[in-house]
Structures are given as C-alpha cells and as structure tokens.
Amino acid sequence: MSGLPTDANDESRAYAERLYDLFLGADHRHGIYRVLEVVNGKAEIKDENGKGPLDVKGPPTVSLWEMHLASNIRQLGVSPVRADGMCRWGVLDVDDKGVDFEEVVAAMAGLPLLPCRSKSGRGGHGYFFADDWVPQSDMNAALSAMAARLPYKKIDIFPPADSAGNWVCMPYGEGDRTDRYAAKARGLAMSVAEFLEAAENARQSPTAIAAITRSPAPEGAPASSDDADRAGRKLAAFVTEIAEAQEGGRAKLLYGLSKDMGKMIGAGWIEEDVVFDALMEAATRARLPYGEAAGHVRNGIKDGKREPPDADRGDGGDLYPRIENLIVRTGGEIDEWRLTLSGYGDITLPVKEIMNYYAFNVHCASQLGAVYRHMKVNDWNDRLREARSRAEFEEVPQDETVEYMMREQLRDFCMDRHRGESIDELLLSKPVAVPEEDRVYFRFVDFDKFLRTGSSRFKNGTTQTIGALIKKAVGKDNYKQTMKIVKGRPKGIPVKWVRMSLLDKSVELPLPPLATPPL
C-alpha cells in the first residue's frame with residue numbers, strides 16, 4: 001500500500017474532514033489510545049502505566065483525525081452514540097476464535113456492511129453507515145438483524161440498544177500503512193480514499209435501516225381477502241387518527257396502534273413495510289420527530305408480532321362476528337341495520353339490539369345458528385363504528401314503511417264491515433263513515449284499543465306516538481278532532497275523523513283468463 005503523507009497537507013486534511021463527518025458520534029467526549037500491543041493473540045491498548053484508553057472531554061476533532069491518520073501512537077476512539085441517543089453508524093465485532101478475516105469478508109457479502117480488519121487480526125469488524133441520524137435502538141436492531149444472518153456465535157454490537165456503550169478504536173490508524181483496513185470483495189486492502197468512497201456510498205436511509213429489521217411474512221396459507229381487507233381498513237383508520245392527533249399522548253397512541261397492526265403483521269394479513277411506511281407518514285404529518293416516531297412504530301410492531309391477533313378487537317375469525325357489510329335501512333318504523341356476517345349471511349335488527357352485544361348474539365344464534373364468544377363493549381362498539389363508517393343506505397320498501405303500516409291499520413279499523421251506520425254507534429266503539437262529508441268518524445280510545453288487542457306493530461306505542469304516526473300516514477289536514485252530538489250526549493263527545501277517500505279504495509281483482517277459442 002502507498003503511504004499517506006505525514007505532513008499536514010491538503011490531501012491529509014481532506015481525508016480527516018471526511019472521516020470526521022463519516023464517524024460523527026459522541027460530541028461531548030472521545031478516547032485516545034496511546035500504545036497498541038498484542039497479548040495472547042488479542043490487541044491490548046495500554047499506556048505507559050498499564051492503563052487503558054484515555055477518556056478526554058470534548059468532541060473528536062478534525063485535527064485529532066489528522067493525528068490518527070499520521071501515527072499509530074495517538075489512535076482515536078469514537079462512540080457512535082450522541083448525547084441525545086441518536087447515531088449515524090454502528091459496527092459488528094466478530095470475535096470467534098479460529099475465524100479468519102477473509103472468511104468474515106465472504107460472510108458479509110450481500111449485506112450493507114463494510115468489513116474491516118480488527119486490531120488483533122482475528123475475526124473482523126463490519127461497519128454500517130446511515131445518511132441521517134437515527135435512534136440507537138434502530139441502529140442496534142438493524143445490526144442485530146444482520147448479525148443473525150452471520151454464521152458466528154460471538155458477535156458484539158455497537159452501539160447497544162439503550163446505553164452509551166464503549167469506544168470503538170477507529171480504522172486506518174497510520175493511514176494507508178495500517179493493518180486495520182477495509183477489504184474489497186476478494187479481501188484486498190482498500191486505501192483511505194477507497195474506504196471513504198465506499199463508506200459514503202454505502203450510507204443507508206432511515207427507511208432502509210428500518211426495513212432491515214422487518215421479518216418476512218410468515219409462510220403458509222396467504223391471508224384471506226377478508227383478513228387483508230380488514231387490516232387495510234384498520235391501517236387507513238389508524239393513519240387518520242395519528243395524523244389528526246393533538247399534542248399530549250401522541251407517542252402512546254402511535255405505539256398502541258403500531259402494536260395493533262403488529263398483531264396483523266404476525267398473522268400474515270398485511271406486509272410490515274406497508275404498515276411501517278404508512279404509520280411513519282402519519283407521524284410526520286402529526287409533526288413527531290422522525291427518530292422518535294420510528295422507535296415507537298418499530299417497538300409497537302415488534303411487540304404486536306409476539307401476540308396472536310386480538311379476537312376482542314375484531315381479529316378472531318369466526319369466533320367473533322366479522323361484519324362484511326352494513327346497510328342502514330331508512331323510512332321504517334324504527335331504525336334498523338342489516339349486517340352481513342362472514343360465514344353466516346344477513347341479519348336485520350333494530351339498532352338498539354345490535355348495540356347490545358348480548359341481545360345481538362341471541363338473535364344471531366336464533367336466526368343464523370351463529371354462537372359467538374363474548375366481546376367487550378368498547379371492542380364491539382369499535383367494530384360497529386368501523387362498519388358504520390363504510391355503510392350503505394337503503395330505503396325501506398313502501399309496504400314496510402311506518403306510514404304505510406299505519407294507513408293499513410286505519411283502513412282495517414275504519415272500513416271494516418262491522419262499522420256503524422249512524423253517528424250514535426260511535427258509543428258502541430264503532431267507526432262511522434259519512435260519505436257525503438268524505439269522513440270516517442271514530443273515538444281515539446277505540447282505535448287505540450284496536451291496535452293493542454290485535455297483531456299490530458304499534459301495540460306498544462304511547463297515545464302521543466300513535467297520534468303523531470296517524471298524522472304522518474294521512475297528513476295533518478286529513479286527520480282532525482271535532483265534537484259530535486250523539487244520543488244521550490246533548491253536549492257532544494270528542495271524536496277524530498280521517499278523510500274517507502284516503503281509505504276507501506276499491507279492490508281490483510284480476511280478470512279470469514280467457515278461454516282459448518277453438519280452431
């Protein structure tokens with residue numbers, strides 16, 4: 001290898017500046033290694049008093065890097081972790097006995113690591129670089145994922161997941177004369193210039209670093225379309241919730257929703273990179289710092305993947321009701337929803353009975369033969385809220401509307417063949433038709449009794465409700481109250497009347513089929 005000039009020239013300064021930028025890390029202290037010696041096959045760094053590297057306050061400067069490149073006497077140590085827990089590089093230290101550096105170079109091929117010889121020459125280091133600051137937990141997770149792909153038992157990882165950790169003795173002490181060089185594909189040594197170019201080109205984005213830790217989707221049967229659709233809808237809802245979150249509790253919300261999605265990732269319902277990218281975009285819109293948000297999303301997904309899908313939150317297959325579709329039926333006597341349940345079909349119930357999970361389960365068992373497990377109230381409401389957000393609307397058929405049914409009840413009562421022939425028969429609880437007035441007179445109490453003794457759907461209604469429904473059925477101008485004088489009641493009695501022409505409709509019978517004329 002050609003020697004790097006030891007005098008402070010422009011080239012030396014330029015290399016030092018680029019190395020300083022490449023290995024930015026702890027900015028409040030650094031290490032100085034004074035003497036390198038090999039003891040029992042392992043490099044030891046001691047000063048003249050037998051002590052280890054000197055801990056020095058202040059950041060590693062460009063001048064210190066120039067000294068590092070110029071001599072093996074004052075070697076520089078840098079910690080990758082900044083005071084705020086962020087970092088831009090890390091390293092794997094393969095220290096298995098009997099492992100040659102050339103073997104490490106071959107093993108790291110295909111990974112975004114730059115293999116370098118260690119101080120002892122045994123094993124090797126794999127340097128990993130980011131193009132932006134990331135949480136040390138993310139850097140550690142990516143390095144751990146890559147370490148798991150290497151065939152070695154003993155691999156140390158810098159930085160650790162959650163503490164400052166140790167110094168790392170920097171490569172290229174003495175510049176191009178060093179034996180701690182980075183290797184090309186065939187194990188040949190890189191010069192300082194070649195190392196800098198390779199390292200700068202190997203920098204990974206935070207998104208790429210996050211992707212390294214993602215597990216592949218579990219093998220086996222692919223997720224059903226129902227499960228995939230459900231996971232997609234959940235993710236879309238979570239993205240909106242995170243993006244619109246206000247300050248205070250955003251981090252907790254991001255972690256919790258990431259964990260929920262992690263369960264679905266673990267079940268193979270949705271790909272991890274899709275979830276990560278979507279949640280990070282939402283966190284950015286919520287103005288959360290990238291590094292902080294990435295840590296919460298990563299930890300949430302990781303913790304969620306350890307748990308099976310949470311049935312109580314809508315991920316339990318046929319053990320819990322899975323709503324494929326919801327139709328809101330409008331215009332009926334009461335508010336009704338028609339639910340399409342996966343594996344069982346449709347069920348139409350009043351909204352209040354659907355909201356009551358126990359009552360809903362009873363109806364499902366009776367009508368569909370579906371017996372579901374118990375669900376918590378909030379979880380059932382969450383599932384209904386999600387289904388309601390994508391509901392369709394349907395007008396109730398004419399013959400099922402409140403107005404139609406009330407009009408039919410009035411017709412049955414007022415136009416019955418047993419109706420009275422004279423006004424006096426109102427006292428006998430009979431309605432009385434007066435064609436010349438186009439009215440049918442009746443006492444409200446008699447119609448109310450008629451509704452409650454028959455099979456009417458209005459039998460449990462209050463008198464105020466029934467009166468309001470009559471007005472809706474025939475129109476307020478066609479339903480009035482008046483006084484009628486009847487036998488024995490000279491002052492008259494209060495009665496109701498409705499327009500007779502609205503009720504007295506002749507029944508059209510189909511004509512009998514004509515006989516086919518003979519030929």
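Numbering of residues begins at 1 and proceeds along the displayed sequence. Quantities reported herein were computed from a predicted structural model and do not represent experimental measurements.
Between Asp27 and Arg88 no salt bridge is recorded (no basic side-chain N to carboxylate O distance below 4.0 Å).
In this pair, Trp380 and Tyr357 present their aromatic rings perpendicular. The plane angle is above 60°, beyond the 30 to 60° band.
The CD1 atom of Ile242 lies 9.0 Å from the CG atom of Leu288; values are rounded to the nearest 0.5 Å. Distance check: Glu174 CD to Gln75 CD gives 7.0 Å after rounding to the nearest 0.5 Å. In this structure, OG1 in Thr348 is found 5.5 Å from CZ in Arg329, a value given to the nearest 0.5 Å. The CD1 atom of Ile354 sits 7.0 Å away from the CG atom of Leu384 when rounded to the nearest 0.5 Å.
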Starting from the C-alpha separation in whole Å, work towards a yes-or-no answer on side-chain contact (heavy atoms from CB on, under 4.5 Å) for Leu111 and Phe128. CA-CA 9 Å; Leu111 296 175; Phe128 182 62; over 6 Å; no
Before giving the answer on salt bridge (charged side-chain N to carboxylate O under 4.0 Å, His left out), spell out for Arg385 and Asp382 the whole-Å C-alpha distance, their side-chain angles and the decisive distance to 0.1 Å. CA-CA 5 Å; Arg385 185 180 300 109; Asp382 286 345; 2.8 Å; yes
Take Glu272 and Arg298 through the salt bridge (charged side-chain N to carboxylate O under 4.0 Å, His left out) test and state the conclusion after the steps. CA-CA 10 Å; Glu272 185 170 340; Arg298 174 68 50 224; 3.0 Å; yes
Could you go through the side-chain contact (heavy atoms from CB on, under 4.5 Å) check for Ile327 and Asp346 one step at a time? CA-CA 10 Å; Ile327 294 178; Asp346 294 347; over 6 Å; no
Under the side-chain contact (heavy atoms from CB on, under 4.5 Å) criterion, do Arg388 and Val328 qualify, and how do the steps go? CA-CA 8 Å; Arg388 181 62 175 77; Val328 178; 3.8 Å; yes
Is there a side-chain contact (heavy atoms from CB on, under 4.5 Å) between Phe360 and His363? Walk through the geometry before answering. CA-CA 5 Å; Phe360 172 77; His363 285 293; 5.7 Å; no
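Here the two rings, on Phe23 and Tyr127, have centers that are under 6.0 Å apart.
Legend: residues meeting ring pair (Phe, Tyr, Trp, His ring centres under 6.0 Å) with Phe158, ordered by chain and number and at least two apart, are absent.
Here the options are Val168, Leu24, Leu22, the test is side-chain contact (heavy atoms from CB on, under 4.5 Å), and the partner is Trp89; only Val168 passes.
The local environment of CD in Glu197 is sparse, with at most 12 non-hydrogen atoms from other residues, nucleotides or ligands closer than 6.0 Å.
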